[in-house]
There are 2 protein chains.
Amino acid sequence: MQISSKFTVAIHTLLCIYEFSKEKKVTSNFIASSTNVNPVIIRNILGQLKDAGIVNVEAGVGGATIIKDLSDITLLDIFEATKCLEGDLFNFHDNPNKECPVGNNIHKVLDKRLYSVQETMKKELKQITLKMLVDDLEKNMK
Amino acid sequence: MQISSKFTVAIHTLLCIYEFSKEKKVTSNFIASSTNVNPVIIRNILGQLKDAGIVNVEAGVGGATIIKDLSDITLLDIFEATKCLEGDLFNFHDNPNKECPVGNNIHKVLDKRLYSVQETMKKELKQITLKMLVDDLEKNMK
DNA sequence: TTAATTGTAACCTTTCTTGTTACAACGATA
DNA sequence: TATCGTTGTAACAAGAAAGGTTACAATTAA
């Protein structure tokens with residue numbers, strides 16, 4: 001299975017906020033039309049980004065702004081904020097048979113190694129900042 | 001979301017086959033009882049491992065054996081054999097709005113970077129061989 | 001007060017995962 | 001040849017998760 005599109009939607013959302021918040025009020029409806037995702041989904045994502053201290057959302061008046069330095073926001077921050085991974089990346093089958101020597105030791109043999117793969121993935125995400133994406137984006141927009 | 005437990009079940013399955021195929025016929029029912037997973041699921045996984053040239057399954061008479069050197073079977077081979085990832089790791093929202101400069105460029109900005117994260121994960125899986133797991137397992141079994 | 005917007009609950013649909021039953025095909029063996 | 005244990009596979013069901021949608025109270029500027 002794949003990692004939820006909430007992750008790429010959240011990245012897209014932040015890029016929109018950054019690019020347009022100087023010139024206009026960036027609302028969930030505006031982001032919804034750029035991402036082509038339902039406004040309620042966007043509001044939920046904005047709420048999570050807000051909880052993570054990445055954005056500020058103005059209740060009532062509307063509009064979101066980024067409240068952290070772009071180079072201090074990594075894809076890992078966004079990934080964790082949007083809770084795309086509850087628990088671990090690799091799902092394990094429940095209750096392997098303890099009576100079987102393989103079943104009894106499978107977790108000892110696999111857990112650490114799979115955890116390490118997952119942490120490597122997270123480290124990669126941590127290397128990529130929103131600043132890097134904005135730079136790429138603005139190059140493409142020219 | 002998580003990667004299907006078919007992956008860890010497949011690893012468990014191969015460890016069972018390796019450990020027990022010398023002394024007994026390793027059937028889908030036997031593996032099912034060690035993994036605590038339905039025998040039909042095991043047969044499907046065995047079929048995929050067979051298609052990938054990792055195991056041989058005796059139709060009729062029953063029993064599976066590993067037909068590759070343990071150090072030539074990596075977790076990536078098993079991962080791909082079991083088709084746990086159709087397409088890419090990161091699911092992308094459909095049809096971002098081309099009229100919006102962000103929507104129009106989001107794929108250009110993100111695709112390569114996310115692909116690279118995914119490939120890093122696969123590289124990690126490729127570093128881990130069944131031989132390494134068997135060595136760990138037999139240390140634990142003592 | 002009004003109008004636009006957020007925050008959130010509730011519900012629905014679709015898709016995916018896993019489990020389960022059923023049964024034909026296979027192959028060794030009596 | 002008949003039997004028995006097994007594989008291969010189809011069909012279906014249950015449960016979980018993702019995403020969409022409607023609805024509406026709460027918020028805030030004007």
Side-chain angles (χ1 to χ4, degrees), chain A residues 1-10 12-13 16-17 20-21 24-33 35-52 55-65 82-96, chain B residues 1-10 12-13 16-17 20-21 24-33 35-52 55-65 82-96:
Chain A
M1 199 25 193
Q2 296 177 301
I3 285 161
S4 165
S5 63
K6 273 175 70 180
F7 180 48
T8 56
V9 172
H12 188 146
T13 293
C16 269
I17 296 173
F20 298 110
S21 59
K24 62 176 88 162
K25 192 168 67 172
V26 181
T27 66
S28 60
N29 268 298
F30 176 81
I31 299 166
S33 86
T35 52
N36 200 25
V37 161
N38 191 283
V40 177
I41 310 286
I42 300 296
R43 282 181 228 149
N44 286 334
I45 290 173
L46 281 175
Q48 293 183 311
L49 293 173
K50 184 181 173 184
D51 291 344
V55 303
N56 185 250
V57 185
E58 298 286 339
V61 54
T65 46
T82 50
K83 297 182 174 40
C84 285
L85 199 55
E86 301 281 3
D88 289 315
L89 180 60
F90 297 98
N91 192 12
F92 220 104
H93 48 297
D94 297 326
N95 308 315
Chain B
M1 204 14 200
Q2 295 178 302
I3 286 161
S4 165
S5 63
K6 273 176 69 179
F7 180 49
T8 56
V9 172
H12 188 146
T13 293
C16 268
I17 297 173
F20 298 109
S21 59
K24 62 176 90 162
K25 193 167 68 172
V26 181
T27 66
S28 60
N29 268 296
F30 176 81
I31 300 166
S33 84
T35 52
N36 202 24
V37 161
N38 191 281
V40 177
I41 309 285
I42 300 296
R43 282 181 227 148
N44 286 334
I45 290 173
L46 282 174
Q48 293 183 311
L49 293 172
K50 186 181 172 185
D51 291 344
V55 303
N56 185 251
V57 184
E58 299 286 339
V61 54
T65 46
T82 49
K83 296 181 174 44
C84 285
L85 199 56
E86 302 280 4
D88 289 315
L89 179 60
F90 297 98
N91 192 12
F92 220 104
H93 48 297
D94 296 327
N95 308 315

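Just so we're on the same page: letters track the sequence lines, and every chain starts at 1.
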Between atom [atom1] in [X] and atom [atom2] in [N], what is the gap in whole Å?
{"X": "A:N44", "N": "D:dT22", "atom1": "CG", "atom2": "C1'", "value": "14 Å"}
{"X": "A:Q48", "N": "C:dT6", "atom1": "CD", "atom2": "P", "value": "16 Å"}
{"X": "A:N56", "N": "D:dT27", "atom1": "CG", "atom2": "C1'", "value": "14 Å"}
{"X": "B:Q2", "N": "D:dA17", "atom1": "CD", "atom2": "P", "value": "9 Å"}
{"X": "B:I41", "N": "C:dC16", "atom1": "CD1", "atom2": "P", "value": "16 Å"}
{"X": "A:F7", "N": "D:dA17", "atom1": "CZ", "atom2": "C1'", "value": "19 Å"}

Phosphate-side-chain proximity, [X] and [N], N/O vs OP1/OP2 below 4.0 Å:
{"X": "A:S5", "N": "D:dG19", "value": "yes"}
{"X": "B:S28", "N": "D:dT6", "value": "no"}
{"X": "B:N38", "N": "C:dT20", "value": "yes"}

Go nucleotide by nucleotide along DNA chain C from the 5' end; which of B:V37 and B:E58 gets its closest nucleotide reached first?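 Between the two, 5'-proximity favours B:V37.
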
Please give me the minimum heavy-atom distance between B:V37 and A:H93, naming the atom from each residue. CG2-CB, 4.1 Å

Looking only at non-hydrogen atoms, find the nearest pair between B:T82 and B:A10 and report the distance. CG2-CB, 3.5 Å

From C-beta outward on [X], which listed nucleotide comes closest to its side chain: [options]?
{"X": "B:V61", "options": "C:dG27, D:dG20, D:dT6", "result": "C:dG27"}
{"X": "B:K50", "options": "D:dT6, D:dG19, D:dG8", "result": "D:dG8"}
{"X": "A:A59", "options": "D:dT27, D:dG8, C:dT20", "result": "D:dT27"}
{"X": "A:N91", "options": "D:dT6, D:dG20, C:dT18", "result": "C:dT18"}

Would you call the rings of B:F90 and A:F7 parallel, tilted or perpendicular, taking 30° and 60° as the class edges?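 Correct class here is tilted.
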
Could you pick out which residue, B:K25 or B:V40, lies toward the 5' side of DNA chain D when each is mapped onto its nearest nucleotide? B:K25

Classify B:G62 by what it touches in the nucleic acid, base, sugar-phosphate, or nothing, heavy-atom distance under 4.0 Å.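 The answer is sugar-phosphate, as B:G62 gets under 4.0 Å only of primed atoms, P, OP1 or OP2.
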
Can you tell which of A:R43, A:K6, A:K83 makes a side chain to side chain donor-acceptor pair (under 3.5 Å) with A:Q48? A:K6

